[in-house]
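A short write-up of the structure that comes next.
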Amino acid sequence: MRYTSFAFSSATAANTGISMISEFDNAMDIVRGNYYYDESKSVAGQLLQGFSRSTRERFQQFIGYNFSQGRNIGGDVNQVTYYRGAVLANLQYGEPKTAKKAA
């Protein structure tokens, strides 16, 4: 169990470091997303959301976080936004009024 945890933590650290070298601002916005909670919820609801993220949603968060950082390394992210506790790592191209998005 310790070796598995060490391997996942090492992979996340390496992925984050390489992503920060590639595009620092987007990488930091993705990191900040780990601590962004739904602002429409009460303080108790936000605490429960944080508890849920650190327990039963942990594997989903690990996959999503590393996938987003990997996309940032590949240059597929140029905008990071937050919506109701979720992080959206977007690739927006074109004029703002007719922009196509991939998230």
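Computed from a predicted structure; not experimentally measured.
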> How many angstroms lie between atom OH of Tyr37 and atom OG of Ser52, to the nearest 0.5 angstrom?
Replying inline: 10.5 Å
> Is there a chain of hydrophobic side chains (I, L, V, M, F, W, Y, each step under 4.5 Å between heavy atoms) that links Phe67 to Ile30?
Replying inline: no
> Is there a donor-acceptor pair closer than 3.5 Å between any side-chain N or O of Arg53 and the backbone N or O of Gln61?
Replying inline: no
> Say you draw a straight line from CD of Gln49 to OH of Tyr36; how long is it, rounded to the nearest 0.5 Å?
Replying inline: 9.5 Å
> Of the options Asn90, Asn66, Asn26, Leu91, which is the one that meets Arg71 in a side chain to side chain contact (heavy atoms under 4.5 Å, CB included)?
Replying inline: Leu91
>> To the closest 0.5 Å, what do you measure between CG (Asp29) and OG (Ser68)?
In response: 11.5 Å
> Sub-3.5 Å donor-acceptor pair from the side chain of Ser54 to the main-chain atoms of Phe51, do we have one?
Replying inline: yes
> Taking atom CG of Asn72 and atom CD1 of Ile18, what is their separation to the nearest 0.5 Å?
Replying inline: 11.5 Å
>> Under the criterion side-chain contact (heavy atoms from CB on, under 4.5 Å), I'd like the reasoning laid out for Ile73 against Glu23: C-alpha separation, chi angles, the key distance, then a yes or no.
In response: CA-CA 7 Å; Ile73 292 168; Glu23 180 60 45; over 6 Å; no
> side chain to side chain donor-acceptor pair (under 3.5 Å) with Gln60: which residues, sequence neighbours excluded?
Replying inline: none
> For Thr12, does its backbone N or O pair with a side-chain atom of Thr16 as donor and acceptor, under 3.5 Å?
Replying inline: yes
>> Heavy-atom count check: over 12 atoms from other residues, nucleotides or ligands less than 6.0 Å from Phe62 CZ?
In response: yes
> Roughly how far, to the nearest 0.5 Å, is CD1 of Ile63 from CZ of Arg58?
Replying inline: 11.5 Å
>> Check for me, please, whether Met20 and Val77 land in the same ILVMFWY cluster - side-chain distances under 4.5 Å, paths through other members count.
In response: yes
>> Tell me every residue that passes salt bridge (charged side-chain N to carboxylate O under 4.0 Å, His left out) with Asp38, counting only those two or more places apart in sequence or in another chain.
In response: Arg84
> Residues in side chain to side chain contact (heavy atoms under 4.5 Å, CB included) with Val87, at least two apart?
Replying inline: Val80, Tyr82
> Where is the tightest heavy-atom contact between Gln69 and Ala27, given as atom of each residue plus distance?
Replying inline: NE2-O, 3.4 Å
> Is Tyr65 linked to Met28 within one hydrophobic cluster, defined over Ile, Leu, Val, Met, Phe, Trp and Tyr using a side-chain heavy-atom separation of less than 4.5 Å?
Replying inline: yes
